[in-house]
Amino acid sequence: MTTTSDPTPQPRTTAPGAEHRTRFFDHRIPSLYAGRYRIDNRQTLKDLGGADRVIDATPQPFDVVQPRFSFDPTGINAQFPVPDAVGSYSQTLAHINLDAPGLPWNRPLGAGQPPAVPWMALLLFREDELPEDPDAVGLVTAGTVRRLLDGGLGAGEPPALPPESLRPDEYEEQCATVLVPQALFDAVKPLPVEMGYLAHLREGGRPDATRAGTDPEPDEGELNAVVVANRFPAAAGGRHVVHLVSLEGFDRYLTGPAPAKGVRLVSLASWSFTTEPDSGVGFGDLCQHLATTNGTTPRPADELRLRVPAAAPANPAGPQKEALDRMAGGAVALPQRLETGERTLAFYRGPLTAQPAQTLPDPAATRLDSPGEALIYLQQYGVFDTAYAAAFTTGRTLALADAEFRTALLEFRAAARAAARRLASHPELAARSAEALTAGHLTAPLAFEAFDRLLTDGDTRSGGARLVQALDQAGPQLRDGRRRTAARARRSPGDARAVLAQPGVAALLTQAAPDTFAKVTAWLDALRRLELLSLSHLVPDPRALPAESIRFAYLDAGWVRAAVDGALSIGVGHALDADLNALATGGGPVPKCAVLISSSLVPNWPNTIATAYRGTNTVEPVRDAVFGLETRLLLYPEVIDRFELAEPPRGLCFGIGDVGTIELREITGDRIGHPKGEFPQPAGFARFLRPGGRDVLNVDGTGDALLPALSHAHGVARISSAQFALQLINAPQAQTFSRP
């Protein structure tokens, strides 16, 4: 089930990249039913007189042997709900998947029954319904087939099977049985015509793309028989038991009243599970509430933006319009106390905005050095917009509170500062090209390098000629009292700022302390992804994100930049430190938009799949985080067009959605299985249940039956068994939000 938040919602299901196909077929009727047969052979010859002479050969009996009273449990491919499962199953029809594709149709149900009607059915029972299994744990009464047919396994009428249909060895087979009282059996028994719609074949194999335009034959190795129950588990919860029973010999009771003593059915397989109480609010209900106002009317776009709702007059103007415009962008009005002691109000918002943030003018400097520089003063009204100033203070506070980041930042700046000053103070280094410089030149002791040159300078044949010459001249110079008077010219430390402007030097300085620089940039990238901010920073007023709501927002890169400047402002002693901060501002990009979900979906469906799209392309989030218990934040690197919440995946099962509908699916053409709308309208599946309060599906009985209604919805006289199964697939539900 999928709805959208567009003004004209259109149901939509995104087709996953299928690696397998799933097809449904009506039935598999054998060319020869299981049973006892005899071959009679007669030949007619003419004698010499022309008269016919008949010769009868000896009859040849043979048996077609198929399971009848039991079968190997390894032949069960799957069961749903799985045995001993605990979960919410009140909207699910139990089913069993059998390896043998023809098993449900390998013998007739009874004389006069159509071939498509199987001889077995899946019946679901609740606690305190079966006399011999009041706890619904799967207790059965076992014995031989002979004892069953003789009534020796307990109360309840046994199946009426013709003696000639039984092989002698079948009488000694073991079987499991269950007693079903008359009233219960009459309430839950399927009609023969319904049994044909509650069983089908399923094929799961390779995609059909390799045989496009054709209808490939079923893959025999991928075919399974599926039998579906006709009853929903109790909404109140509790233990349930499911029995795959043989109804052979009971066909007369399927259309007429059961005997007063009840019936004793052969149980071919059974399992039990527990369903939790249905709160009445499921995944689909919650998603529908997020997207609609009354279950059908999509919420207007303004209700899905992250901002505090504000009642506005018809034609606001002047200060009123200015205030409303800022609130429409996501700002809130908060009390402010000025340094002069005056009390006024100011606007504030976090990094998330309901509208794209206004483009800021190019700053006079490349960075903010104080929160005061980031204050926006609305002189006409005498109030401040404190968003960017608060961002600066927030970044600074976070940095001061993180000792590891603070230490890494100071160590990096110290190393980079020393490297920059070395370049400025040593012309022989500064004269080299950026490509010729390495991090080693910035950190290795220059005295060692000078001594190495002293050893190698001069005549290459003698080696160290310059050192020898210096040593030879040292003695006479000292004796003559000569002293070195020409001191090397020192460069002003201020020249180090000019070094940063040289091409390639800035990147080289980051390698002066690579480990600490990596810590600094990683921390700042986390700040850009809002990982260091609390929910109150993102949503300054809880009214902007009430309970059971979803909100979409833009990210203001200017706010994030101000927070980064605030973090880098700590420990700045002079202009060179401030210049070096620019080396750490080239980290990852700031996300462009955000989705905030405040709902019980977050804790109750933790594996909910959230998918965002830009056009036809999927956009992966840069961050997916949970605040507290019920708030989920997703950040995306670009502004998305659509956002989809999908129920966690599950195995293929049958049932109805949380809001009381199923998804109609195409039954013809090249789009078989594609959704075509919700059914019924208005929502409500209770009309298709039998009276009596036992939650039994009225497939094709009297009154408002499901099969005729589905056939009418598809515009055909009668859909087939496979098409009926296709409609009842209880696929994971999805809710789509589209950007107008």
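Fair warning: this is a prediction, and the values are worked out from it, not measured in the lab.
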(message) For Thr141 and Glu132: C-alpha separation, side-chain torsions, deciding distance, then whether side-chain hydrogen bond (donor to acceptor under 3.5 Å, both in side chains) applies.
(response) CA-CA 8 Å; Thr141 301; Glu132 298 173 346; 3.0 Å; yes
(message) Using side-chain hydrogen bond (donor to acceptor under 3.5 Å, both in side chains), reason through Thr177 and Arg264 one step at a time and then give a plain yes or no.
(response) CA-CA 6 Å; Thr177 67; Arg264 183 161 291 276; 3.0 Å; yes
(request) Apply the test side-chain contact (heavy atoms from CB on, under 4.5 Å) to residues Phe62 and Leu32: give CA-CA distance (whole Å), side-chain angles for both, the deciding distance (0.1 Å), then the verdict. (result) CA-CA 12 Å; Phe62 71 94; Leu32 196 62; 3.9 Å; yes
(message) Could you go through Leu103 and Met120, starting from their C-alpha distance and side-chain angles, then the distance that decides it, and tell me whether this counts as side-chain contact (heavy atoms from CB on, under 4.5 Å)?
(response) CA-CA 9 Å; Leu103 182 58; Met120 57 176 61; 3.9 Å; yes
(request) Report the C-alpha distance between Trp271 and Val82 in whole Å, list the side-chain angles of each, state the deciding distance to 0.1 Å, and finish with yes or no for side-chain contact (heavy atoms from CB on, under 4.5 Å). (result) CA-CA 8 Å; Trp271 76 95; Val82 297; over 6 Å; no
(message) Using the rule given for side-chain hydrogen bond (donor to acceptor under 3.5 Å, both in side chains), can you reason through Tyr253 versus Glu157, listing the C-alpha separation, both sets of side-chain angles and the distance that settles it, and then say yes or no?
(response) CA-CA 11 Å; Tyr253 297 136; Glu157 184 170 325; 2.5 Å; yes
(request) Could you please spell out the steps behind the side-chain contact (heavy atoms from CB on, under 4.5 Å) verdict for Asp658 and Asp285? (result) CA-CA 6 Å; Asp658 293 331; Asp285 298 297; 3.2 Å; yes
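The line from CD of Gln735 to CG of Leu601 is 10.0 Å long, rounded to the nearest 0.5 Å. Of the inter-residue distances, the one linking Ile39 atom CD1 with Gln60 atom CD reads 7.0 Å to the nearest 0.5 angstrom. For the atom pair CG of Leu123 and CG of Leu184, the computed distance is 8.5 Å after rounding to the nearest 0.5 Å. Considering CG of Leu707 and CG of Asn698, their distance stands at 10.0 Å, rounded to 0.5 Å. The CZ atom of Arg36 sits 4.5 Å away from the CG atom of Asp63 when rounded to the nearest 0.5 Å. Between atom CD of residue Glu173 and atom CG of residue Leu148 there is a gap of 11.5 Å, rounded to the nearest 0.5 Å.
Proximity of a side-chain donor or acceptor of Ser90 to a complementary backbone N or O of Pro233 within less than 3.5 Å is not detected. In this structure, the side chain of Arg671 does not engage the main chain of Arg665 through any donor-acceptor pair within 3.5 Å. Side-chain N or O atoms of Asn604 include one that pairs as donor or acceptor with a backbone N or O of Ser600 at under 3.5 Å. A distance-only check finds a donor-acceptor pair linking the side chain of Glu663 to the backbone of Gly677 [under 3.5 Å].
Around the CG atom of Asp670, the shell of radius 6.0 Å holds no more than 12 heavy atoms that belong to other residues, nucleotides or ligands.
Proximity of Ile667 to Gln727: side-chain heavy atoms (C-beta onward) are separated by under 4.5 Å at one or more points. Within the 4.5 Å cutoff, side-chain heavy atoms of Asn224 are placed close to those of Asp99. The shortest distance between side-chain heavy atoms of Leu634 and Arg632 falls below 4.5 Å. Side-chain contact between Arg202 and Leu223 is absent, with no heavy atoms from C-beta onward closer than 4.5 Å. Residues Thr618 and Tyr613 form a side-chain contact, since some pair of their non-hydrogen atoms from C-beta on lies under 4.5 Å apart. Looking at heavy atoms from C-beta onward, Leu198 lies in side-chain contact with Pro190 at the 4.5 angstrom threshold. Counting heavy atoms from C-beta outward, Ile76 and Phe71 have side chains that approach closer than 4.5 Å. At a threshold of 4.5 Å between non-hydrogen side-chain atoms, the residues Leu166 and Leu149 count as touching.
Side-chain atoms of Arg718 and Ser711 form no donor-acceptor pair, as typed in the model, at a separation below 3.5 Å.
Minimum heavy-atom separation, Pro603 to Pro606: O-CD, 3.5 Å. Counting all heavy atoms, side chain and backbone alike, Pro118 lies closest to Ala199 at CG-CB, 4.0 Å. When all heavy atoms of Cys653 and His95 are compared, the pair lying nearest together is CA-CE1, 4.0 Å. Here the shortest heavy-atom pairing between Ile29 and Ala116 reads CD1-N, 3.9 Å. Smallest separation of non-hydrogen atoms from Gly138 and Asp133: N-OD2, 2.8 Å. Leu153 and Ala142 make their closest contact through CD2-O, 3.6 Å (heavy atoms, listed as atom of the first residue, atom of the second, distance).
Evaluation of the ring-ring contact (aromatic ring centres under 6.0 Å, His included) rule for Trp605 yields Phe283 as partners, not counting sequence neighbours. Applying the ring-ring contact (aromatic ring centres under 6.0 Å, His included) criterion to Tyr33, with sequence neighbours excluded, gives no partner residue.
In this pair, His200 and Phe24 present their aromatic rings perpendicular. The plane angle is above 60°, beyond the 30 to 60° band.
In summary, of the residues considered (Leu179, Val180, Val140), a side chain to side chain contact (heavy atoms under 4.5 Å, CB included) with Leu130 occurs for Val180 alone.
Ionic pairing of Asp695 and Arg231 is not present here: no N-O contact between side-chain nitrogen and carboxylate oxygen is shorter than 4.0 angstrom. Salt bridge annotation for Asp40-Arg38: present, with a cationic side-chain nitrogen under 4.0 angstrom from a carboxylate oxygen.
Sorted by first and then second residue, the salt bridge (Lys or Arg N to Asp or Glu O under 4.0 Å) pairs involving residues 184-194 (not counting sequence neighbours) are Asp186-Lys189, Glu194-Arg690. The ring-ring contact (aromatic ring centres under 6.0 Å, His included) contacts involving residues 156-197 comprise Tyr197-Phe724, where partners must be two or more places apart or lie in separate chains. Contacts classified as salt bridge (Lys or Arg N to Asp or Glu O under 4.0 Å) and involving residues 135-156 (residues at least two apart or in different chains) are given here: Arg146-Glu172.
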Name every donor-acceptor pair, under 3.5 Å, that has one atom in a side chain of residues 239-249 and the other anywhere in the protein, sequence neighbours excluded.
from: Arg239; atom 1: NH1; to: Thr274; atom 2: OG1; distance (Å): 3.0
from: Arg239; atom 1: NH2; to: Asp84; atom 2: OD1; distance (Å): 3.2
from: Arg239; atom 1: NH2; to: Ser272; atom 2: OG; distance (Å): 2.8
from: His240; atom 1: ND1; to: Gly238; atom 2: O; distance (Å): 3.0
from: His240; atom 1: NE2; to: Ala234; atom 2: N; distance (Å): 3.0
from: His243; atom 1: ND1; to: Ser267; atom 2: OG; distance (Å): 2.8
from: Ser246; atom 1: OG; to: Glu248; atom 2: N; distance (Å): 3.4
from: Glu248; atom 1: OE1; to: Arg68; atom 2: NE; distance (Å): 3.1
from: Glu248; atom 1: OE2; to: Arg68; atom 2: NH2; distance (Å): 2.9

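For Phe679 and Phe688, the ring centers are positioned less than 6.0 Å apart.
Figure legend: Arg28 and Trp105 shown without cation-pi pairing, the cationic atom not lying both under 6.0 angstrom from the six-membered ring centre and within 45 degrees of its axis.
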